[in-house]
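Take a look at the structure below.
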Amino acid sequence: MAAAKTSTVRPDPNYVAEVVTRLKEAHPDAHCELNYETPLQLLLATILSAQCTDVRVNKTTPALFEKYPDVKAFAEADITELEEMVRPTGFYRMKAQRVQETCRRILTEYDGEVPDEMEDLLSLSGVARKTANVVLGEIFNKAEGVVVDTHVKRLSNKFGFTTYTDPVKIEKDLMAIISQEDWVKISHLLIFHGRRVCSARKPDCANCSLEDICPASELKK
DNA sequence: ATCCCGAGGG
DNA sequence: CCCTCTGGAT
């Protein structure tokens with residue numbers, strides 16, 4: 001019988017396990033770096049983090065969360081003032097609108113509480129799988145997938161975990177090769193590694209503990 | 001595929 | 001200057 005063809009080429013499970021093990025050793029403190037105190041604050045911080053560094057989000061949110069202490073305050077905020085508050089994070093008009101629209105819907109449809117179901121989260125303005133996965137994983141401890149941001153996307157391709165560029169397809173590939181108990185952790189690890197070692201502009205292969213097993217190592221070119 | 005948008009790094 | 005940053009909606 002001829003070998004069954006699969007539509008997607010999977011990386012060697014042993015290789016994947018080795019990469020995960022080494023990432024855990026390299027970044028034992030990997031965690032979500034967005035600052036927040038409430039579920040609402042994490043949801044909003046994550047919406048603001050689109051195409052923006054978490055460092056900049058963290059410099060923006062303290063004043064924002066002080067001025068608007070709860071969902072109601074965001075729902076009733078003057079949109080121009082809200083725009084100015086979120087301006088440093090970029091895409092500020094759209095983000096202000098999404099933040100307010102999301103808070104209004106949480107107020108009117110979810111009794112003021114951030115929903116803990118994927119379907120409900122995805123129905124919110126400015127919330128797609130990446131943001132929903134962050135909230136489900138960090139707050140409710142019930143991740144239904146893997147957070148795929150720009151770092152996870154870049155490194156997943158470098159390590160050969162996926163061949164796709166579409167975040168949804170990348171997430172599906174990762175869910176197939178990473179054990180479910182590591183779904184939250186793998187994103188933290190890839191994001192930490194992507195920021196500190198394997199940056200997009202200048203990957204520091206000389207100081208990377210995975211250099212010898214990395215298909216994209218710059219040192220052997 | 002394109003738009004939204006500012007700020008820092010190389 | 002150009003690229004990148006925990007994306008999402010049209």
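Just so you know, these numbers come straight off a predicted model, no measurement behind them. Every chain is numbered from 1, with letters handed out A, B, ... down the list of sequences.
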Counting only side-chain N and O atoms of Thr150(A), is one of them less than 4.0 Å from OP1 or OP2 of dT6(C)?
no
So, under a plain 3.5 Å distance rule, would you say the side chain of Arg93(A) forms a donor-acceptor pair with the base of dC4(B)?
no
In whole angstroms, the gap separating C1' of dG6(B) from NZ of Lys95(A) amounts to 9 Å
Quote, to the nearest angstrom, the P distance that separates dG10(B) from dT6(C).
14 Å
Please report the distance, rounded to the nearest Å, between CH2 in Trp183(A) and C1' in dT6(C).
19 Å
Hey, is Phe91(A) doing a stacking thing with dC5(B), by the 5.5 Å centroid and 30° angle criteria?
no
Can you tell me how far the SG atom of Cys198(A) sits from the CG atom of Leu155(A), to the nearest 0.5 Å?
5.0 Å
With sugar-phosphate meaning primed atoms plus P, OP1 and OP2, does Val127(A) contact a base, only sugar-phosphate, or nothing at under 4.0 Å between heavy atoms?
sugar-phosphate
Run the salt-bridge test on Lys142(A) and Glu117(A) with the 4.0 Å N-O cut-off and return the result as yes or no.
yes
Please report the distance, rounded to the nearest Å, between OH in Tyr92(A) and P in dC4(B).
11 Å
Minimum-distance nucleotide (side-chain atoms of Arg56(A) versus dG8(B), dC5(B), dT6(C)):
dG8(B)
Check every atom of dC3(C), dG6(B), dG8(C) against the side chain of Arg201(A) and return the nucleotide holding the closest atom.
dC3(C)
Watson-Crick or G-U pairs under 3.5 Å in DNA chain C, rendered as dot-bracket with [ ] for crossing pairs and | for another strand
|||||.||||
Would you indicate, yes or no, if dG8(C) has its OP1 or OP2 atom less than 4.0 angstrom from a side-chain nitrogen or oxygen of Thr131(A)?
yes
Rounded to the nearest 0.5 angstrom, the NE2-OG distance for His31(A) and Ser187(A) is 14.5 Å
Mind checking whether Trp183(A) and Gln180(A) have side chains closer than 4.5 Å, heavy atoms only?
yes
Separation of dT6(C) atom C1' from Glu171(A) atom CD, nearest Å, is 14 Å
Taking dT6(C), dG6(B), dT4(C) as options, the one with an atom nearest any side-chain atom of Ala200(A) is dT4(C)
Expressed as a whole number of angstroms, how long is the span from Asp54(A):CG to dA7(B):P?
17 Å
Side chains of Lys130(A) and Ser49(A), donor plus acceptor under 3.5 Å
yes
Contacts of Lys202(A) and Arg98(A) projected onto DNA chain B by closest heavy atom; the upstream (5') one is Arg98(A)
To the nearest Å, how far apart are Asp166(A) CG and dA9(C) P?
14 Å
Between dC5(B) and dC5(C) - C1' atom distance, rounded Å
12 Å
Among dC5(C), dC5(B), dA9(C), which nucleotide has an atom closest to any side-chain atom of His151(A)?
dC5(C)
What pair of heavy atoms forms the shortest contact from His27(A) to Leu189(A), and how long is it?
O-CD2, 3.7 Å
How close do Ala77(A) and Tyr68(A) get, counting heavy atoms only, and between which atoms?
CB-CE2, 3.3 Å
Determine the contact category for Ser187(A): base if any of its heavy atoms lies under 4.0 Å from a base atom, sugar-phosphate if only primed atoms, P, OP1 or OP2 are that close, otherwise nothing.
nothing
Any base atoms under 4.0 Å from Leu124(A), or only sugar-phosphate, or nothing? Heavy atoms, all strands.
sugar-phosphate
When the distance from CZ of Arg196(A) to C1' of dT4(C) is rounded to whole Å, what number comes out?
18 Å
Pairing of Glu101(A) and Arg105(A) as salt bridge, 4.0 angstrom limit:
no
Taking atom OH of Tyr36(A) and atom OG1 of Thr46(A), what is their separation to the nearest 0.5 Å?
8.5 Å
Nearest-Å distance for atom pair NE2/C1', residues His188(A) and dT6(C)
9 Å
Quick check: on DNA chain B, is the nucleotide nearest Gly90(A) upstream (toward 5') of the one nearest Lys59(A), or the reverse? Name the residue that is more 5'.
Gly90(A)
Out of dA9(C), dC5(C), dT6(C), minimum distance to the side chain of Glu33(A) belongs to dT6(C)
